Each structure stands twice: as structure tokens, then as C-alpha cells.
Amino acid sequence: MNNAAKLVERYLAIWNMTDVAERRAEIDAVWTGDARYVDPIADVTGRDAIDAAINAVQQQFPGLVFTLGGDVDAHHDLVRFTWHLGPEGGEAIVIGFDVAILTEDGLIRTVYGFLDRVPAL
């Protein structure tokens, strides 16, 4: 597994972490201090705001888990991947596609998220 795939695994694991201290330690280890996360619902900057956004998603979708939906593709400082959100071992309820921009030392600087499938309201 290459470094980009390992980073994506850590990134998705962060979205699944419900222990606040553990999640924050991983955010601090993986994201830059001024990192930005942008998707159709959120546009946040900084580790505190990213942590809060992840917590909000966990509150909206309790008990669901993020999993990798396919291969990780990377070149230069860019990484793209598809993710699934659903019950563990079950069918995805939400499917998305993220593009991450990394620093030279492999930290996440920015993530642009897209929602490909969302539940009907």
C-alpha cells in the first residue's frame, strides 16, 4: 500500500472515531493547522472546525461508518478517492468522492468533497 492509500485510510478512520480525544489527536497528526474542508454542506477552516464538522456528521448519521469505495488515485500533491457511508458490512446510504491536496511532508492541506448519492429527504 502506498503512502497516499495509507493516508486515506487514516482520513476515513478519523471520520469513524467517536472518542473525542482520539479523533482530535489524529486530526492534529494528519491535517495542517490551517487545513480546509469543503463539501456541498460545509466549508470550514482549521482543525477545530474540521473536528466540529466530523462530529456533526456523526450526529446526523449515528452508528454509520465510512469505508473506502475503490482504489486511491494520486499524483503530485493530489489524492482522489470514493468513500461509502453506511451500516458496517451493509449497503452504503451515502456515496461521495473526495480530492485532497497534500503538503510536501504528506499532511492534508485541503479536502474538496462531492456527494454522489444522498438519501432522499
Side-chain angles (χ1 to χ4, degrees):
M1 181 181 305
N2 65 33
N3 288 342
K6 289 178 186 175
L7 182 63
V8 169
E9 281 192 358
R10 284 183 81 181
Y11 168 82
L12 291 174
I14 289 168
W15 285 86
N16 293 327
M17 290 177 183
T18 55
D19 180 282
V20 175
E22 179 185 15
R23 182 176 65 231
R24 183 50 192 254
E26 274 296 286
I27 289 171
D28 290 348
V30 172
W31 294 77
T32 63
D34 61 347
R36 183 174 177 213
Y37 176 84
V38 182
D39 70 18
I41 300 165
D43 185 347
V44 297
T45 301
R47 292 174 177 154
D48 289 342
I50 290 166
D51 194 16
I54 292 170
N55 186 61
V57 169
Q58 291 177 352
Q59 298 305 309
Q60 184 177 4
F61 298 102
L64 301 185
V65 295
F66 285 89
T67 56
L68 187 61
D71 292 334
V72 174
D73 188 20
H75 66 82
H76 297 85
D77 63 347
L78 301 171
V79 180
R80 69 177 180 156
F81 55 95
T82 297
W83 51 263
H84 295 170
L85 176 64
E88 191 160 0
E91 184 177 341
I93 295 169
V94 181
I95 297 175
F97 178 88
D98 287 1
V99 176
I101 301 173
L102 310 180
T103 63
E104 287 184 16
D105 54 350
L107 295 177
I108 298 172
R109 174 177 290 133
T110 306
V111 172
Y112 296 106
F114 298 85
L115 301 174
D116 298 326
R117 183 170 84 192
V118 296
L121 298 176

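Quick caveat: nothing in here was measured; it's all calculated off a predicted structure.
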Discussion item. Are Val118 and Trp15 linked, directly or through intermediate hydrophobic residues, by side-chain heavy-atom contacts shorter than 4.5 Å (ILVMFWY only)?
Written reply: yes

Worksheet item: Is there side-chain contact between Val94 and Leu64, with at least one heavy-atom pair below 4.5 Å?
Response: no

Fill in: Minimum side-chain heavy-atom gap Arg23-Asn55 below 4.5 Å
yes

Response to the item:
Of all heavy-atom pairs linking Arg10 and Ala29, the shortest is NH2-CB, 3.6 Å

Worksheet item: Is it the case that more than 12 heavy atoms not belonging to Asp116 sit under 6.0 Å from its CG atom?
Response: yes

Worksheet item: Leu115 and Val57: same hydrophobic cluster, using ILVMFWY side-chain contacts below 4.5 Å?
Response: yes

Fill in: Taking every non-hydrogen atom, the tightest pair across Val79 and Ala74
CG2-CB, 4.0 Å

Discussion item. For a side-chain contact (heavy atoms from CB on, under 4.5 Å) check, start with the C-alpha distance between Leu78 and Leu102, then their side-chain angles and the critical distance, and finish with the verdict.
Written reply: CA-CA 6 Å; Leu78 301 171; Leu102 310 180; over 6 Å; no

Fill in: salt bridge (charged side-chain N to carboxylate O under 4.0 Å, His left out) partners of residues 93-114, not counting sequence neighbours, each pair once
none

Item to complete: Return yes if some donor-acceptor pair links the side-chain N/O of Glu9 with the main-chain N/O of Leu68 below 3.5 Å, else return no.
Response: no

Worksheet item: Is Met17 linked to Ile27 within one hydrophobic cluster, defined over Ile, Leu, Val, Met, Phe, Trp and Tyr using a side-chain heavy-atom separation of less than 4.5 Å?
Response: no

Worksheet, complete the sentence: Shortest non-hydrogen pair, Gln58 vs Ile14, comes out as NE2-O, 4.2 Å

Discussion item. If I take atom CG from residue Leu107 and atom CG from residue Asp77, how far apart are they, to the nearest 0.5 angstrom?
Written reply: 12.5 Å

Worksheet entry | Residues Asp51, Arg47: salt bridge by 4.0 Å N-O rule | no

Worksheet item: Which residues pass the side-chain contact (heavy atoms from CB on, under 4.5 Å) test with Asn16, sequence neighbours left out?
Response: Val65, Phe66

Discussion item. What's the separation between atom OG1 in Thr45 and atom CD1 in Ile50, rounded to the nearest 0.5 Å?
Written reply: 7.5 Å

Worksheet item: Between Arg24 and Asp48, is a side-chain contact (heavy atoms from CB on, under 4.5 Å) present by the stated rule, with each step listed?
Response: CA-CA 8 Å; Arg24 183 50 192 254; Asp48 289 342; 2.4 Å; yes

Practice prompt. With sequence neighbours excluded, tell me which residues meet side-chain contact (heavy atoms from CB on, under 4.5 Å) with Asp39.
Written response: Tyr37, Ile41, Ala42

Worksheet item: Do you know the tightest heavy-atom contact between Pro87 and Ile93?
Response: CD-CD1, 4.1 Å

Worksheet item: Side-chain heavy atoms under 4.5 angstrom apart, residues restricted to Ile, Leu, Val, Met, Phe, Trp, Tyr: same cluster for Val99 and Val44?
Response: no

Discussion item. When you group the ILVMFWY residues by side-chain heavy-atom contacts below 4.5 Å and let the links chain together, are Phe97 and Val38 in the same group?
Written reply: yes

Fill in: Closest heavy-atom pair and its distance - Trp31, Arg36
CZ3-O, 3.9 Å

Worksheet item: Between Arg117 and Ala92, is there a donor-acceptor pair closer than 3.5 Å when you use the side chain of the first and the backbone of the second?
Response: yes

